[in-house]
There are 2 protein chains.
Amino acid sequence: MNKPERLRATDIAYSSIRQGLIAGRWPAGSHLRETELADEFGISRTPVREALRRLASEQMVEFEPHLGVRVPGWSEQDLAEIFALRVELESFAAGEAARHATPDHVEALRQLARDMEQAAFGGPQPDYVRITEANDRFHRLIVTASGNRRLMSLIGTLIELPLVIRTFARFDTKAMARSVQHHFDLADAIADRNADWAIAVMRAHIHAGRQVMLKKTAGDD
Amino acid sequence: MNKPERLRATDIAYSSIRQGLIAGRWPAGSHLRETELADEFGISRTPVREALRRLASEQMVEFEPHLGVRVPGWSEQDLAEIFALRVELESFAAGEAARHATPDHVEALRQLARDMEQAAFGGPQPDYVRITEANDRFHRLIVTASGNRRLMSLIGTLIELPLVIRTFARFDTKAMARSVQHHFDLADAIADRNADWAIAVMRAHIHAGRQVMLKKTAGDD
DNA sequence: TGGGTCGCCATTGTATACACGATAGTAGCT
DNA sequence: AGCTACTATCGTGTATACAATGGCGACCCA
């Protein structure tokens with residue numbers, strides 16, 4: 001009874017372009033031409049336009065009438081703004097999750113924390129893809145568990161950015177261990193239904209991530 | 001040397017539909033047909049589609065593939081979620097504004113508070129249009145003064161909703177006076193560069209607004 | 001009479017053609 | 001030589017034609 005989940009050309013364009021943006025396929029400042037993308041995906045300009053506008057509304061690209069879309073560059077101010085907002089929204093999500101999470105949520109959070117730990121320290125070297133995957137799902141699950149459906153779309157525009165996604169490759173062993181520990185702490189706080197604790201850990205968690213970013217990007221790119 | 005600000009069909013469609021949504025032109029659950037709207041505005045479906053997708057990304061309408069867009073109804077849960085997020089984001093904005101506002105910002109805030117007071121109590125009866133206008137600009141200015149450019153787009157999706165916009169018609173004299181007072185307090189707190197004070201007042205302000213909404217919508221519509 | 005299936009129709013999804021604004025390169029003028 | 005105006009060209013903006021989908025009602029059959 002699973003629906004075939006129709007594949008619309010718009011979704012193909014959206015996912016592909018988005019993936020390209022996250023993967024850093026186009027340098028900052030690049031001009032994304034509708035025709036080129038359409039040809040590449042074997043579809044027409046219409047769905048490409050739709051995908052680009054959607055990405056623009058999520059601030060994944062910059063759009064200007066008659067000029068098209070450009071891949072934005074990330075200034076230090078952008079970075080500061082994004083992390084400041086993440087501190088507020090994700091800590092709020094954690095607090096709400098502590099109030100509304102089900103036992104299933106808690107168990108899933110713990111499993112994801114273990115996955116992340118395994119991916120980080122279970123092998124000869126960290127598996128950054130798995131780490132990122134587990135981290136991403138962990139943070140999303142907290143938003144889901146918060147029960148606030150609008151929160152997801154707000155936070156979505158903040159965490160799915162190239163410079164946030166690829167953060168983990170920049171973590172040293174200590175920072176990685178701290179990050180994993182935070183996830184276990186968050187699961188504990190939420191299991192304990194202690195909103196204050198959850199909020200505090202999440203604030204600390206995002207601040208820590210921000211500091212790693214700021215240090216490492218100083219002389220980067 | 002002011003640019004004529006070319007009017008694109010897309011913008012016409014976007015503004016018109018948005019205005020219609022805020023004015024409550026279509027009842028909740030209405031199905032907005034692209035062709036109808038296009039005919040009404042004398043343009044083609046293409047820019048209408050673009051406008052509708054944009055409104056969908058702002059959650060002003062609900063979109064489902066192959067079915068089109070519907071005007072959403074607002075459940076009590078929606079209302080609770082929206083105000084909970086406003087408490088967090090607008091209070092954060094107020095705190096940041098206290099840190100970054102210029103004297104010009106402060107003066108403009110005070111003027112808007114006076115405008116609102118005048119519109120509410122300066123005549124035989126409240127001028128709801130002017131009140132809403134002054135209130136809207138006041139809140140926007142605080143976000144602007146916060147210096148966080150991404151905050152505007154996040155908050156924008158929360159405050160420009162039909163049920164938020166038309167709140168003031170439901171305020172009694174006491175609630176109105178309290179709201180005006182909060183605005184003066186916010187201006188004072190920001191002028192004093194006291195972020196903690198500004199945050200506290202804004203949290204109280206949004207909570208108060210939320211309570212008025214919840215009471216009045218109970219047996220409404 | 002009730003349930004199920006088929007097919008029509010309304011509406012959205014996509015492609016394509018054309019219009020128009022923006023830009024860059026060039027030629028002509030000062 | 002430098003500046004300006006013109007023009008060619010590229011790319012986006014809009015319109016329209018056509019394809020595909022999903023809802024809904026009619027019809028058939030038990």
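Reckoned from all heavy atoms, side chains included, excluding hydrogens, waters and symmetry mates. Every chain is numbered from 1, with letters handed out A, B, ... down the list of sequences.
One atom, CG of A/Asp11, and another, C1' of C/dT14, lie 13 Å apart when rounded to the nearest Å. Distance, A/Ile43 CD1 to D/dC18 P: 21 Å, rounded to whole Å. In this structure, A/Phe41 places its CZ atom 14 Å from P of C/dT14, rounding to the nearest Å. Summarising the geometry, the separation between CZ on B/Arg70 and P on D/dG23 is reported as 11 Å, rounded to the nearest angstrom. B/Phe63 has its CZ atom 8 Å from the C1' atom of C/dT12, to the nearest Å. Atom CZ in B/Arg49 sits roughly 10 Å away from atom C1' in C/dT11 (whole-Å rounding).
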Evaluate the side chain to side chain contact (heavy atoms under 4.5 Å, CB included) criterion for residues B/Leu67 and B/His31: first the C-alpha distance (whole Å), next the side-chain angles of each, then the deciding distance (0.1 Å), finally the verdict.
CA-CA 9 Å; B/Leu67 299 180; B/His31 187 185; 5.7 Å; no
Start with the C-alpha gap between B/Ile159 and B/Glu90, add the side-chain angles, then the distance that decides, and say whether side chain to side chain contact (heavy atoms under 4.5 Å, CB included) holds.
CA-CA 10 Å; B/Ile159 61 176; B/Glu90 296 213 44; 3.3 Å; yes
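A salt bridge (charged side-chain N to carboxylate O under 4.0 Å, His left out) check over residues 55-70 of chain B, counting only residues at least two apart or in different chains, returns the pairs B/Arg18-B/Glu58. Counting only residues at least two apart or in different chains, side chain to side chain donor-acceptor pair (under 3.5 Å) contacts with residues 104-113 of chain B comprise B/Thr102-B/His105, B/Glu107-B/Arg114, B/Arg110-B/Asp188, B/Gln111-B/Arg114, B/Gln111-B/Asp115.
Not one side-chain nitrogen or oxygen of A/Arg8 sits closer than 4.0 Å to the OP1 or OP2 atom of C/dT14. Residue A/Thr10 places at least one side-chain N or O under 4.0 Å from the OP1 or OP2 atom of C/dT14. Within the structure, every side-chain polar atom (N or O) of A/Ser44 is placed at least 4.0 Å from both OP1 and OP2 of C/dT14.
The nucleotide whose nearest atom lies closest to any side-chain atom of A/Arg45 is, among C/dT23, C/dT16, D/dG23, C/dT16. Between C/dT14, D/dA15, D/dG22, one nucleotide has an atom nearer to the side chain of B/His66 than all others, and that is D/dG22.
When the side-chain contact (heavy atoms from CB on, under 4.5 Å) test is applied to B/Ala120, the partners found at least two apart in sequence or on another chain are B/Ile131, B/Met176. Not counting sequence neighbours, the partners of A/Arg25 by the salt bridge (charged side-chain N to carboxylate O under 4.0 Å, His left out) test are A/Glu40. For B/Thr35, the side-chain contact (heavy atoms from CB on, under 4.5 Å) partners at least two apart in sequence or on another chain are B/Asp39, B/Arg45. B/Val180 meets the side-chain contact (heavy atoms from CB on, under 4.5 Å) test with B/Met116, B/Glu117, B/Phe121, B/Phe184; sequence neighbours excluded. By the salt bridge (charged side-chain N to carboxylate O under 4.0 Å, His left out) test, A/Arg137 is found to be paired with no residue, residues two or more places apart in sequence or in another chain being considered.
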Identify each atom pair where a protein N or O and an N or O of nucleotides 5-9 of chain D are less than 3.5 Å apart, giving names and distance.
none

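Between A/Pro47 and A/Leu67, it is A/Pro47 whose nearest contact on DNA chain C lies nearer the 5' terminus.
For DNA chain C, the neighbouring residues in residues 27-37 of chain B, judged by any heavy atom under 4.0 Å, are B/His31, B/Leu32, B/Arg33, B/Glu34.
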